[in-house]
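For reference, the structure is listed below as structure tokens.
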Amino acid sequence: MKPYNPHEIEPRLQAQWEADDAYAVVEDSPRPKKYVLEMFPYPSGDIHMGHVSNYTYGDVVARYSTMRGFDVLHPMGWDAFGLPAENAAIKHHSHPATWTYQNIDTQRASFKRMGFSYDWDRTVVACDPEYYRWGQWIFLKFWERGLVERRNSPVNWCPDCGTVLANEQVIEGRCWRCDSEVEKRDLTQWYYKITDYAQELLDDLDQLEGWPERVKQQQANWIGRSEGANVDFILCDAEGNAPAEPGADDIITVFTTRADTLFGCSFFVLAPEYAGLDALVAGTDYEAPVRELVEASKKVSAVERAMGDREKHGVFTGRYVVNPINGEKVPVWVADYVVADYGTGAVMAVPCGDQRDFEFARKYDLPIVPIILGEDDPLYPQLKDEQGRVVTEVDWDKAYAAEGILVQSGPYTGLAGGKHSPGEEAVVAALEEMGRGKRTVEFRLRDWLISRQRYWGNPIPAVHCPDCGVVPVPEDQLPVRLPEDIDLAAGETLATHEGFVNTTCPVCGGPAKRETDTMDTFTCSSWYYMRYTDPHNDQAPFDPARANAWMPVDQYIGGIEHAILHLLYSRFFTKVLRDCGMLDFDEPFTNLLCQGMVLDANGEVMSKSKGNVVSPEEMVRDYGADSVRAAMLFMGPPDKEKLWNEDGLAGMAKFLSRLWRQVNDLAGVAGEESLFEAAPDPEAAVKVAQKLVRERHRVVGKVSDDFDRNNFNTAIAAIMELSNATGEYLRAFSPEARAACPDHQALDAEVAEVLVKLMAPIAPHWADELWQTVLGHPGSSVHAQPWPAFDPEAAKADEAELAVQVNGKVKAKVTVAADASEEAVRAAALAAVSRVLEGRDVKKVVVVPGRLVNIVAK
RNA sequence: GCCCGGGUGGCGGAAUGGCAGACGCGGCGGUCUCAAAAACCGCUACCGAAAGGUGUGCGGGUUCGAAUCCCGCUCCGGGCACCA
């Protein structure tokens with residue numbers, strides 16, 4: 001017998017697979033399609049353990065799916081634009097492409113060394129002009145459809161990265177990439193109007209049954225839909241006189257989800273950035289303090305802002321508005337707790353029902369009018385039937401934000417209040433009637449800021465012409481190529497590169513300047529999975545027929561950190577391309593697996609600074625790729641965090657080695673290394689053989705089921721159980737005895753084949769080597785074989801051991817025939833616990849066939 | 001504050017209404033060996049000498065039966081956050 005030596009077999013089989021083009025995709029196969037995809041990596045260096053885990057899951061799904069009879073598309077590529085390449089280029093005085101392509105080569109070699117089954121002919125590299133030209137093409141399609149906008153507004157600026165960021169890329173006030181504090185700047189930037197799709201992006205989450213609930217929840221929160229109403233307040237003078245026919249300048253609109261609380265509005269607040277604020281206070285005594293507050297709020301950093309629970313600051317503007325529901329005069333304040341870019345940037349303050357307004361009212365001594373109460377509130381009985389205002393002050397220590405009953409609310413008194421309450425509906429209806437309100441919906445989602453002030457990205461295909469304005473680069477002039485002769489280390493940028501900047505206007509032919517911003521890398525990753533379906537197309541990003549045939553992705557696998565970013569943007573792209581007539585489906589990813597992080601043995605994140613990084617290369621060098629793969633899979637459920645420890649890896653290497661020996665023994669080639677130990681008891685030996693037959697069927701069923709649900713850890717546990725049964729069997733029968741008996745021969749061959757096939761997706765080299773050499777199929781590959789079948793009937797034992805419970809506590813066990821009648825089972829159970837039942841009345845006997853008997857006794 | 005997860009042996013975990021701790025790691029004991037390693041076998045939730053009892057974060061409930069379902073807490077992790 002040849003001992004198991006991964007270091008010899010793995011490189012040899014990898015070379016064989018490559019020579020045979022074993023994982024090339026078959027187009028137009030009669031088999032049903034399955035698109036298995038892992039999020040493509042950023043080429044930041046060599047792969048780390050997180051990559052090993054992510055891509056191993058994908059490889060198991062791909063290989064298993066092939067064996068199950070699917071035509072599998074399993075491609076790989078690189079998300080190759082981005083800042084790290086630029087930083088490396090500056091450091092090494094080279095070009096970002098050099099660093100990027102070197103890392104791609106390193107990672108590709110590591111992926112091959114792990115035995116991943118990709119169709120390398122379909123590789124997509126995002127910084128390749130043959131790919132990014134189509135990203136530009138898609139940009140033009142978006143532009144045609146009115147989904148591209150260039151506008152000036154306050155944006156997130158990362159000083160360290162020297163570029164603006166999308167909202168989604170700011171994590172608690174810090175840059176997602178470098179963790180620097182983000183600043184607000186007023187800049188003119190390019191946007192994709194993702195908000196046009198906010199409702200559909202929210203609604204279609206319901207279609208995504210194969211997505212983890214938490215990811216859908218996070219997206220729903222991020223989109224943040226609120227139903228409410230816009231309510232118009234009219235500016236009035238200090239005596240409360242408002243113009244009878246107000247013009248646009250006389251109206252301030254607020255968005256509210258709680259129109260039912262309008263009677264409790266005792267002041268009114270504008271955001272410091274509110275557009276009309278200057279005009280309201282210009283030339284008054286209030287101008288100076290208002291200006292001071294506005295300046296102070298600008299200085300608050302994004303990180304501080306993100307901390308929440310900050311002290312609120314505000315000043316009175318000297319102006320008043322009229323509350324449309326009751327005609328009351330309400331003072332207008334400016335305060336830093338109002339968010340400028342949500343709703344209208346103005347809010348009606350109801351301190352009795354809103355904690356923020358309550359805190360502000362307490363601080364500046366503004367009235368708190370109770371207009372909504374719980375029935376158990378001591379105030380409720382006295383305000384129950386009051387129509388006019390009686391109480392205008394309360395001794396509460398916080399607002400009453402829950403649902404309740406409206407009081408002191410004129411005709412609405414007595415109605416239920418709250419979001420979507422009858423009270424709210426009645427008030428909105430009344431406001432609509434008088435032309436002062438309108439039902440509306442607000443989203444938290446902002447448009448996607450896609451322009452970046454960096455070199456290493458996809459150039460935005462636009463030209464600035466002094467006569468024609470900002471115009472698109474015509475399709476036939478794509479791609480707008482990044483200039484290769486650029487010295488980033490010397491501070492050169494696209495904007496200073498004259499050869500790039502200077503061009504002619506595609507409309508009038510006059511001299512013009514190119515747009516020098518590039519696109520967010522997330523635009524590259526929003527459609528690469530479509531490109532894989534038709535990667536060499538030089539006429540279009542992809543042929544719709546091919547994309548529609550392969551898409552949507554059946555199983556997508558990647559990190560939870562993309563729960564919003566990449567996954568939301570990709571859903572948006574898919575919907576827009578569908579509306580362009582290029583796709584006939586709504587959602588790109590049918591099933592999503594978000595893998596948990598790989599941490600060190602103490603549960604710490606692996607990082608260079610902590611010095612706890614585990615190198616996949618070293619692990620593969622010491623134990624072989626198959627053991628690393630299997631150990632990773634066995635560590636726990638894929639979506640949970642994994643604590644990497646080398647003991648588990650060593651254990652897995654032993655298991656592969658033991659199983660190798662068992663397969664050899666079953667195949668009759670173990671020789672001296674046979675596990676046979678001599679079984680003195682022939683009757684027991686027969687039982688061991690019968691058990692092996694049952695286990696062979698049961699375990700195939702269990703492993704199939706587990707793979708279907710991505711439960712890789714329990715699949716391996718089940719294979720270990722089959723291995724344990726095999727071990728018992730091999731100890732019980734000598735190789736000679738087995739060789740002499742046709743029944744044994746058949747069983748041995750079958751179990752050997754089952755073991756090898758079950759392991760094939762997990763340990764592909766180990767399995768293929770055994771398949772080709774020990775099981776006698778030279779030149780063929782186990783990975784092209786059909787998955788083993790099983791017979792659930794054959795998995796059943798003819799006897800069953802049942803637990804006998806008395807009042808739910810196990811008191812005894814009985815062994816009965818599997819087909820024993822309920823009556824017989826009951827009798828056996830009662831007999832087994834007769835001692836416990838002595839002197840007690842049996843009230844009831846519950847028989848659960850095949851499992852247990854519960855006797856209820858008093 | 002709101003929204004999601006989660007809490008099971010020394011450790012990773014298994015069991016989604018039916019014998020809690022599958023499978024593995026670690027530990028202990030054994031076989032083999034001059035010895036050790038490797039390999040193989042057995043034991044391994046806790047208390048107890050045993051009989052027996054206790055046990056899935058805590059407290060209640062539903063059920064013949066609850067880690068699993070319901071109610072109330074608590075702790076840990078994640079997301080969002082002055083979003084009106």
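Values below: all heavy atoms of this structure, side chains included; hydrogens, waters and symmetry mates excluded. A quick note: this is a predicted structure, and the numbers were derived from the prediction, not measured. Here is the naming used below: chain letters follow the sequence lines, and residue numbers restart at 1 for every chain.
- In the model, Ser674(A) has a side-chain atom that pairs as donor or acceptor with a side-chain atom of Asp665(A) under 3.5 Å.
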Starting at the 5' end of RNA chain B, write a dot or bracket for each base, bracketing those in Watson-Crick or G-U wobble pairs whose two distances are under 3.5 Å and using | for partners on another strand. (((((((..(((.....[....)))((((((.......))))))(((....)))..(((((..]....))))))))))))....

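- Trp448(A) and Tyr569(A) have their aromatic ring centers within a separation under 6.0 angstrom.
- Contacts between residues 719-727 of chain A and RNA chain B, defined by a heavy-atom separation under 4.0 Å, are made by Met720(A), Glu721(A), Asn724(A).
- Note on Val856(A): only backbone sugar-phosphate atoms sit closer than 4.0 angstrom, heavy atoms only; bases stay farther off.
- Nucleic acid contact for Lys813(A): base, since at least one base atom lies under 4.0 Å from a heavy atom of the residue.
- A donor-acceptor pair shorter than 3.5 Å cannot be found between the side chains of Glu561(A) and Trp176(A).
- The cationic group of Lys312(A) does not satisfy the cation-pi geometry with Phe360(A), failing either the under 6.0 Å distance to the six-membered ring centre or the 45° limit from the ring axis.
- For the pair Arg356(A) and rG1(B), the criterion of a side-chain N or O lying under 4.0 Å from OP1 or OP2 is not met.
- At the heavy-atom level, Arg835(A) lies under 4.0 Å from the strands shown only through sugar-phosphate atoms.
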Anything under 3.5 Å between a protein N or O and an N or O of nucleotides 3-14 of chain B, put it in a table, one pair a line.
| residue | atom | partner | partner atom | Å |
| --- | --- | --- | --- | --- |
| rC3(B) | O2' | Gln217(A) | NE2 | 3.1 |
| rG12(B) | O2' | Met635(A) | O | 2.7 |
| rA14(B) | OP1 | Asn713(A) | ND2 | 3.1 |

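- For rG12(B), the O4'-C1' to base torsion is more than 90° from 0; the nucleotide is therefore anti.
- In this structure, Pro324(A) and Asp232(A) approach most closely via the heavy-atom pair CG-O, 3.4 Å.
- One side chain, Glu646(A) or Tyr623(A), offers a donor N or O that lies under 3.5 Å from an acceptor on the other.
- With contacts defined as side-chain heavy-atom distances shorter than 4.5 Å, the pair Val231(A)/Phe255(A) does not qualify.
- Side-chain contact between Leu567(A) and Gln219(A) is present, with heavy atoms from C-beta onward closer than 4.5 Å.
- Nucleic acid contact class of Val254(A) (heavy atoms, under 4.0 Å, all strands): none.
- Among the heavy atoms of the strands lying under 4.0 Å from Glu801(A) is at least one base atom, whether or not backbone atoms are also near.
- Between the CD1 atom of Ile716(A) and the P atom of rA22(B) there is a distance of 18 Å, given to the nearest Å.
- Judged purely by distance below 3.5 Å, without hydrogens or angles, the side chains of Ser723(A) and Gln662(A) pair a donor atom with an acceptor atom.
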